[in-house]
Amino acid sequence: QVQLVESGGGLVQPGGSLRLSCAASGSFLSINAMRWYRQAPGKKRELVAALASAGSANYADSVKGRFTISRDNAKNTVYLRMNSLNAEDTAVYYCNVVATTDYYSDATNYWGQGTQVTVSS
């Protein structure tokens, strides 16, 4: 079992920056992938950024060039640096981790509790 604790959300003015953190704890063998999703009111949850075990990163078109996903292996933490924020970035951001907890089972998705990001002047 893996527990994810998110932090770093808040209120920021347009053009500002925030860094979200997601710390993983619990019993697991390895983390295969780390992702950030977001969900605005009335909209579906969308994938924002993903970091694979090999190190490759992928981003939604709407955040390319502005957001950066990274990982600190020593802290089992994934980050999302968000720059040049605008109103369309307002959403609840969720951390998602794909982790292996058993030698003979497939990897499992785990979710953070969500952190609110509000971009407003």
Side-chain angles (χ1 to χ4, degrees):
Q1 184 172 315
V2 177
Q3 295 82 44
L4 305 178
V5 179
E6 300 181 33
S7 62
L11 175 64
V12 64
Q13 293 184 335
S17 299
L18 286 173
R19 189 177 78 159
L20 307 182
S21 299
C22 175
S25 63
S27 179
F28 57 89
L29 298 178
S30 63
I31 295 177
N32 304 101
M34 290 180 162
R35 307 182 180 103
W36 286 97
Y37 289 79
R38 68 184 181 187
Q39 187 168 22
K43 295 187 176 181
K44 60 168 289 188
R45 185 174 299 183
E46 65 171 342
L47 178 64
V48 176
L51 186 64
S53 60
S56 60
N58 297 102
Y59 301 92
D61 289 340
S62 59
V63 307
K64 284 182 179 178
R66 300 188 297 118
F67 289 14
T68 302
I69 186 172
S70 62
R71 174 181 177 179
D72 186 332
N73 290 332
K75 298 181 179 180
N76 288 321
T77 299
V78 62
Y79 304 95
L80 185 68
R81 167 60 70 180
M82 305 181 294
N83 296 323
S84 302
L85 288 163
N86 56 63
E88 294 183 355
D89 297 316
T90 296
V92 177
Y93 284 72
Y94 296 92
C95 175
N96 170 253
V97 170
V98 180
T100 301
T101 59
D102 186 271
Y103 285 108
Y104 306 101
S105 299
D106 292 338
T108 302
N109 281 300
Y110 299 90
W111 293 90
Q113 81 280 9
T115 184
Q116 177 71 49
V117 172
T118 302
V119 184
S120 176
S121 59

Nearest atoms (heavy-atom pairs only) where A91 meets A40: CB-N, 3.8 Å
Working to the nearest 0.5 Å, report the span between OH of Y94 and CD of E6. 8.5 Å
With side-chain contact (heavy atoms from CB on, under 4.5 Å) as the criterion, how do M82 and V119 come out once you've worked through the C-alpha distance, each side chain's angles and the decisive distance to 0.1 Å? CA-CA 11 Å; M82 305 181 294; V119 184; over 6 Å; no
To the nearest 0.5 angstrom, please state how far the CG atom of N76 sits from the CZ atom of R71. 6.5 Å
Can you tell if the side chain of V117 reaches within under 4.5 Å of the side chain of L20, non-hydrogen atoms only? yes
Is the shortest heavy-atom distance from the side chain of R45 to the side chain of N96 under 4.5 Å? no
Starting at CG of L80, measure out to CG of L51 and round the result to the nearest 0.5 Å. 11.0 Å
For the atom pair OG (S7) and CD (Q113), what is the distance rounded to the nearest 0.5 Å? 8.0 Å
So if you build clusters from Ile, Leu, Val, Met, Phe, Trp, Tyr with side-chain heavy-atom gaps below 4.5 Å, do L18 and Y37 land together? no
Looking at every non-hydrogen atom in both residues, tell me the closest pair between S17 and N83 and how far apart they are. OG-OD1, 2.8 Å
Please work out which of the three classes, parallel, tilted or perpendicular, describes the rings of Y93 and F67, given edges at 30° and 60°. tilted
Provide the closest heavy-atom pair for K43 versus Q39 in the form atom of the first, atom of the second, distance. O-NE2, 3.1 Å
Using the rule that Ile, Leu, Val, Met, Phe, Trp and Tyr join whenever any side-chain heavy atoms are under 4.5 Å apart, tell me whether V92 and W111 fall into a single cluster. yes
Nearest 0.5 Å, what's the CG-OG1 distance between L4 and T77? 10.0 Å
Kindly indicate, with the supporting measurements, whether the criterion side-chain contact (heavy atoms from CB on, under 4.5 Å) is fulfilled by M34 and C95. CA-CA 8 Å; M34 290 180 162; C95 175; 6.0 Å; no
Looking at every non-hydrogen atom in both residues, tell me the closest pair between V2 and A99 and how far apart they are. CG2-CB, 4.0 Å
Report the C-alpha distance between T90 and Q116 in whole Å, list the side-chain angles of each, state the deciding distance to 0.1 Å, and finish with yes or no for side-chain contact (heavy atoms from CB on, under 4.5 Å). CA-CA 8 Å; T90 296; Q116 177 71 49; 4.0 Å; yes
Can V98 and R35 be said to form a side-chain contact (heavy atoms from CB on, under 4.5 Å), step by step? CA-CA 8 Å; V98 180; R35 307 182 180 103; 3.0 Å; yes
Consider only side-chain heavy atoms of I, L, V, M, F, W and Y, link residues closer than 4.5 Å, and tell whether Y79 and I69 are in one cluster. no
Return the CG to OH distance between L29 and Y103, rounded to the nearest 0.5 Å. 5.0 Å
Taking the side chain as everything from C-beta on, heavy atoms only, tell me whether L11 gets closer than 4.5 Å to S120. yes
Closest non-hydrogen contact found for S25 with F28 is C-CE2, 4.2 Å
